[in-house]
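Side-chain atoms are counted along with the backbone in the values below, which use heavy atoms only and exclude waters and symmetry mates.
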Amino acid sequence: GAVVSQHPSRVICKSGTSVKIECRSLDFQATTMFWYRQFPKQSLMLMATSNEGSKATYEQGVEKDKFLINHASLTLSTLTVTSAHPEDSSFYICSAQDRASSGANVLTFGAGSRLTVL
Amino acid sequence: AQSVTQPDIHITVSEGASLELRCNYSYGATPYLFWYVQSPGQGLQLLLKYFSGDTLVQGIKGFEAEFKRSQSSFNLRKPSVHWSDAAEYFCAVGGRIGNEKLTFGTGTRLTIIP
């Protein structure tokens, strides 16, 4: 079945530094990838929708300059948390839709990335 | 705007007992409905989905869910839970073709007692 790899699974960084999280579709091409943020014991909040070759669409309240999303190929999207601060500490999860099944609305989720900002 | 309500934050059941997790949705048209399971520190795994047709859908791990349009509900059930079912369960609603954005409920944490 479809597999989405997310890397790193855990990252600890100092306040003020930038962190990049990768989301790869391993055995399919993803026209669209979604980035979610999950606070402890809470639901997933959609941050942005990433389309290959175009700018990401951010949800209301999500800072575009803070959370840079790049979807340079059909198998890779990256989320860069710039100038990270402790309040950015969270669990970030990506999901991808198989290009071959567009319209079927079936997403495959990565295992998530735990970001801790000291 | 679409929304999902999972009224139960935490449910505890005995191993072998039956389970029902509630989910109510709000959507302007016929929705796509999903149940996902998340183990601690992990991503989400799709349990089952409803797009159309038979309103009782079967999923993996012995789970099933029933779509009831009149009640705007999509409750998840399992006749006999196993200790390995302990996890967080999320109901989600999405649009039809061209709108793959999912809205998740707040989740229900399931604890299994021996």
Exercise. Does A:Q38 have any side-chain contact (heavy atoms from CB on, under 4.5 Å) partners at least two apart in sequence or in another chain, and if so, which?
Worked result: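 Here the qualifying residues are A:L44, A:F91, A:I93, B:Q38, B:F90.
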
For this session: Specify the closest pair of heavy atoms between A:F109 and B:L102, including all atoms of both residues, with the distance to one decimal.
Result: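 Shortest heavy-atom contact: CZ-CD1, 4.5 Å.
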
Problem set entry | Distance, nearest 0.5 Å, that separates CG of A:L46 from OG1 of B:T103 |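 Separation between the atoms: 8.0 Å.
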
Exercise. If you tally heavy-atom pairs under 4.5 Å against chain B, which of A:C94, A:A111, A:S113 wins?
Worked result: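 Among A:C94, A:A111, A:S113, the one with the most close pairs to chain B is A:A111.
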
Problem set entry | A:S43 side chain to B:G105 backbone, donor-acceptor under 3.5 Å |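 Present.
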
May I ask you to check whether over 12 heavy atoms, not counting those of [X], lie within 6.0 Å of atom [atom1]?
X	atom1	answer
A:R10	CZ	no
A:K66	NZ	yes
B:I9	CD1	no

